[in-house]
Amino acid sequence: MKYPFQEIETKWQKRWEEEGINKANLSEAEKKLYALVMFIYPSAAKMHIGHWFNYGPTDTWARLKKLQGNNVFEPIGYDAFGLPAENYAIKTGIHPHDSTLQNVNDIRDQLKTLGAMYDFDYEVNTSLPEYYKWTQWLFLLLYKNKLAYRQNAPVNWCSKDATVLANEQVVDGKCERCGTEVIRKNLTQWFFKITNYAEELLQHLDKIDWPEKTKTMQRNWIGKSVGIEIEFAVASDSQSDKSKSDFESDSTFRVFTTRPDTLFGVTYVVLAPEHSLLKQLTTSSQKNLVENYLEEVKKETEIERQSTTKEKTGVFTGSYAINPINNEKIPIWIADYVLATYGTGAVMGVPGHDERDFILAKKFSLPIKKVILEEGKLANEELQSAFCEVGTLVNSGKFDGFNSEIAKEKISDELEKIGKGKRKINFRLRDWLVSRQRYWGAPIPIVYCESCGEVPIPENQLPVLLPYNVDFRLGGESPLARSEEFVNTTCPNCGKKAKRDVDTMDTFVDSSWYFLRYPSSKNSEVAFEKNVTNQWLPVDKYVGGAEHAVMHLLYARFITKVLRDTGYINFDEPFLSLVHQGTITNKGAKMSKSRGNVVNPGTFTEQYGGDVFRLYLMFMRPYDESGDWNDEGIQGTWRFVNRIYQLLLDNKEMLRATSFKAKYEIQSLQSLDKILYRKTNQTLKKVEENIHDFHFNTAISSLMELLNELTNSPAAAGKRTNEITTWCIHKLIIMLAPLAPHFAEELNEMCGGKESLFKGNKWIRYDETAIAEDEVTIAIQINGKLRDTMQFPIDSHDEIIKQAVLQNDVVKKYVDGKAIAKVVVVKNKLISIVVK
RNA sequence: GCCGGGGUGGCGGAACUGGUAGACGCGAUGGACUUAAAAUCCAUUAGAACGUAAAGCGCUCUGUGUCGGUUCGAUUCCGAUCCCCGGCACCA
């Protein structure tokens with residue numbers, strides 16, 4: 001009889017619900033364990049295979065922990081604001097509120113078929129006022145603490161869709177949706193001051209258990225550079241130009257460098273085209289050239305400008321600067337590769353020791369000066385390319401002869417002493433732009449009053465409701481601007497007429513704190529209760545896609561630190577331990593609707609059931625590895641489940657009738673009992689360790705081995721006692737419970753079990769004394785090659801093994817007549833004989 | 001270009017801390033059951049040469065991207081090199 005999964009899975013889902021098996025007990029924080037998956041983004045589509053691959057295995061991990069007696073909290077929710085729902089609305093006319101609610105209901109039903117331990121009483125939905133009220137509260141908290149500010153800034157703009165795009169919606173410089181090239185546009189926007197936390201965000205990476213590559217990505221993203229800002233004076237004769245009489249040589253600008261040791265090698269300086277001093281520095285003879293260049297730069301897209309493959313361009317301003325270390329007069333250039341937004345917007349050109357500068361100098365025939373000497377090279381040898389490694393200083397006055405690392409400090413000291421420099425640390429990290437000119441998000445809780453100016457909405461007036469009746473089709477401005485009803489309001493301060501901010505928040509703001517909301521999701525008084533939050537957080541295990549490495553995961557860390565500093569929580573990091581599942585591709589590409597290569601999990605759950613499908617996803621390959629989808633192997637897990645089911649059907653009476661002890665003394669067991677008892681204990685150990693480490697594939701293969709031992713052993717029938725067989729099958733069922741929960745519950749009931757396996761801590765700790773083998777196979781190597789194997793009692797003495805092996809016929813063949821040069825014995829493993 | 005991760009049978013993948021490479025599963029081949037097919041069960045399955053009349057068995061060699069090194073012994077450590085995947089992309 002085939003395993004009737006349909007009947008069994010609905011039966012147990014119903015029973016779990018009735019008996020409240022998945023209910024979390026948050027009032028009791030002892031042995032608490034918060035297991036979390038990245039919540040679902042329901043705006044676009046229903047659950048796909050990737051969600052199953054994220055949620056199923058994570059639930060297996062959480063269930064193991066529950067079986068082991070932990071108080072497990074495993075919530076789920078919906079990241080329900082965002083572009084896809086809005087785009088869908090624009091296309092179909094169905095309001096995003098309606099489509100999202102419908103989708104959430106459908107997804108909740110799908111999630112139930114997964115059989116995870118979700119407590120749906122605690123679910124969150126970021127698009128509901130009871131949630132986004134607190135997202136707005138969070139915004140105001142940052143605002144009050146001067147961590148939210150408004151500034152005019154360039155943003156990604158898609159002219160066809162008439163909207164800003166989030167960075168992640170810009171793919172290869174083009175709009176993800178319509179393929180239009182994205183341009184930069186200046187708009188007044190809200191920012192969160194994440195840069196205040198740059199240093200701490202970097203430092204604390206060392207104390208969290210995250211994949212190393214994710215931490216590296218964050219480190220690179222934060223991009224700390226230690227260097228110095230150096231002041232250059234503008235040469236007085238630069239302004240030979242009579243029209244600039246009010247401008248004399250007291251004008252200065254600064255450059256940022258991490259290589260002060262190369263300061264003597266500066267042969268020019270370069271400013272960003274946006275540099276504030278540019279107008280003053282441009283001489284009349286260069287004016288046309290500079291203006292033409294600025295025009296060209298303006299025409300470039302951000303992508304073209306940032307392209308490393310593009311040929312370097314730039315023009316001379318006509319002015320000169322004075323190098324503070326040696327008073328050399330050097331030309332001031334502008335070039336588009338210098339970023340106005342980083343450092344001081346000006347850099348010193350050291351063509352001898354910087355690749356970019358080398359290329360520019362070659363192109364415009366600027367001098368190249370060698371100031372760092374490569375070991376083993378001559379000082380007068382011409383540089384063929386920039387030398388960027390550590391070396392010895394030359395042509396650097398009193399610093400000649402110093403190692404460049406030491407010279408960095410010496411020259412920095414000197415500059416600080418003469419007041420021409422100040423050590424500085426720069427970060428690549430920029431403040432987080434949170435405004436979106438979109439409808440489907442949390443409104444920014446700020447009004448603009450004619451007399452009071454920018455006014456935050458008082459907390460007791462939250463939420464600022466997102467109006468339903470809005471023309472959300474794209475138009476050149478935020479859809480909310482078209483809602484008179486929304487825009488026009490009164491100032492909470494003075495009561496006069498005021499206008500609301502018409503932008504909504506980036507959905508990453510919603511997801512930057514949702515893990516705090518779960519334990520308090522029913523509380524309408526606060527965003528999260530202080531006590532329960534400090535007891536249940538941080539999250540113990542967080543599982544989700546690696547694509548969030550520098551967005552969501554960085555924002556959530558930032559918000560956590562802000563809430564700590566404002567006294568709301570008492571921990572530094574939101575996610576102590578992080579795991580990324582691999583990406584399942586199909587026909588070599590990421591699954592997506594537009595490619596038409598999405599694999600629907602329903603195809604498999606309908607044919608094989610949820611347990612078999614989730615088992616297969618876990619068995620398929622290591623959890624953190626990506627790879628192409630292939631359903632051929634699912635037969636194997638289907639057979640595995642059915643073989644177990646058949647085994648239980650065949651032995652139902654025996655299993656119910658046989659009683660057994662919790663534990664046996666292994667040496668008292670007879671041969672086949674002993675082998676099975678040992679194998680079962682070995683499997684218990686392996687399954688426990690492998691699931692803990694997210695190595696589900698090997699956990700399942702060891703269970704398959706155990707089943708083979710149980711059913712395939714040639715002499716098994718009749719030579720094994722019912723007692724040990726029954727004992728083993730009970731353990732097998734418990735080991736299956738985290739992996740295939742419905743199935744295991746059913747098997748347990750077939751054996752006479754009355755209570756759910758997930759009540760109480762039913763996991764069995766393996767018997768340490770029953771793991772070790774009595775006999776071991778010793779490999780025999782001669783001159784490094786395997787020649788034979790022999791059986792020995794475990795822990796046999798080296799000398800005994802040596803004597804026995806030398807009597808072995810195969811060994812004799814190789815050894816006789818030759819001298820034994822060396823014998824290496826590795827305990828319980830092998831013996832290696834070297835002959836000459 | 002830079003930073004990560006990875007190359008193991010026909011396929012997905014195992015292999016503790018340098019110690020018998022290929023666990024487990026898929027697929028394939030042969031067989032049993034069946035009127036037949038599916039399902040199920042059993043056996044074989046890295047490649048090559050050789051011995052025996054043959055099945056079987058025995059035996060030897062090669063083999064973890066490629067080349068080299070360390071070692072009694074290397075998928076594992078070291079150096080070089082090629083390829084694939086992911087991330088960043090002039091941050092001075």
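In the text below, chain A, chain B and the rest are named by the order of the sequence lines, each starting its count at 1.
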Donor-acceptor side-chain pairing of D431(A) and T195(A) below 3.5 angstrom: yes
Check this for me, if you would: do D357(A) and K312(A) make a salt bridge, where the nitrogen-to-carboxylate-oxygen distance has to be below 4.0 angstrom?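 No, D357(A) and K312(A) are not salt-bridged.
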Can E229(A) and K424(A) be counted as an ion pair, charged N to O under 4.0 angstrom?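 Yes.
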May I ask which nucleotide in the shown strands pairs with U29(B), Watson-Crick or G-U wobble, both distances under 3.5 Å?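 Check on U29(B): paired to A43(B), both distances under 3.5 Å.
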My understanding is that a pair needs two contacts under 3.5 Å, Watson-Crick or G-U wobble. By that rule, which nucleotide pairs with U64(B)?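 Paired with U64(B), as far as the under-3.5 Å criterion goes, is no nucleotide at all.
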Which nucleotide sits closest to the side chain of [X]: [options]?
| X | options | answer |
| --- | --- | --- |
| Q635(A) | C24(B), C90(B), G27(B) | G27(B) |
| E625(A) | U62(B), G13(B), A21(B) | G13(B) |
| K2(A) | C26(B), C72(B), A39(B) | A39(B) |
| M217(A) | G87(B), U20(B), A92(B) | G87(B) |
| S832(A) | C24(B), A14(B), C72(B) | C72(B) |
| F619(A) | C11(B), G19(B), C24(B) | C24(B) |
| N697(A) | A89(B), A92(B), A14(B) | A14(B) |
| W221(A) | A89(B), A92(B), C24(B) | A89(B) |

Output, in order, the C-alpha distance, side-chain angles, deciding distance and verdict of side chain to side chain contact (heavy atoms under 4.5 Å, CB included) for M620(A) and I584(A). CA-CA 11 Å; M620(A) 194 169 60; I584(A) 304 175; 4.0 Å; yes
Mind calculating the distance between [atom1] ([X]) and [atom2] ([N]) to the nearest angstrom?
| X | N | atom1 | atom2 | answer |
| --- | --- | --- | --- | --- |
| M704(A) | A23(B) | CE | P | 14 Å |
| H275(A) | A92(B) | NE2 | C1' | 14 Å |
| R643(A) | G25(B) | CZ | P | 7 Å |
| F640(A) | C26(B) | CZ | C1' | 15 Å |
| W638(A) | A38(B) | CH2 | P | 18 Å |
| I801(A) | G19(B) | CD1 | C1' | 13 Å |
| N642(A) | C26(B) | CG | C1' | 16 Å |
| N828(A) | U17(B) | CG | P | 17 Å |

Between [M] and [N], how far apart are the [atom1] atoms? Round to whole Å, please.
| N | M | atom1 | value |
| --- | --- | --- | --- |
| C2(B) | C61(B) | C1' | 44 Å |
| A37(B) | U44(B) | C1' | 24 Å |
| G47(B) | C57(B) | P | 16 Å |
| A46(B) | U29(B) | C1' | 16 Å |
| G69(B) | C16(B) | P | 26 Å |
| U64(B) | U75(B) | P | 7 Å |
| G22(B) | U45(B) | C1' | 12 Å |
| G12(B) | C72(B) | C1' | 36 Å |

For a ring-ring contact (aromatic ring centres under 6.0 Å, His included) check, start with the C-alpha distance between F364(A) and W333(A), then their side-chain angles and the critical distance, and finish with the verdict. CA-CA 11 Å; F364(A) 296 110; W333(A) 283 61; 4.8 Å; yes
Heavy-atom count around K812(A) NZ within 6.0 Å, excluding the residue itself: above 12? yes
Flag if over 12 foreign heavy atoms under 6.0 Å of CD, E355(A): no
Remember a base hit wins even if backbone is also touched, and classify [X] as base, sugar-phosphate or nothing at under 4.0 Å, heavy atoms.
| X | value |
| --- | --- |
| T777(A) | base |
| R787(A) | sugar-phosphate |
| K785(A) | sugar-phosphate |
| V550(A) | nothing |
| Y814(A) | sugar-phosphate |
| E705(A) | sugar-phosphate |
| R621(A) | sugar-phosphate |
| V347(A) | base |
| E212(A) | nothing |
| T216(A) | sugar-phosphate |

For A92(B), does OP1 or OP2 lie under 4.0 Å from any side-chain N or O of R254(A)? no
Would you indicate, yes or no, if A92(B) has its OP1 or OP2 atom less than 4.0 angstrom from a side-chain nitrogen or oxygen of Y337(A)? no
Between the base of C3(B) and the side chain of K213(A), is there a donor and acceptor pair under 3.5 angstrom? no
What is the minimum heavy-atom distance between D336(A) and T313(A), and which atoms define it? OD1-OG1, 3.5 Å
Chi class for G9(B): syn within 90° of 0, otherwise anti: syn
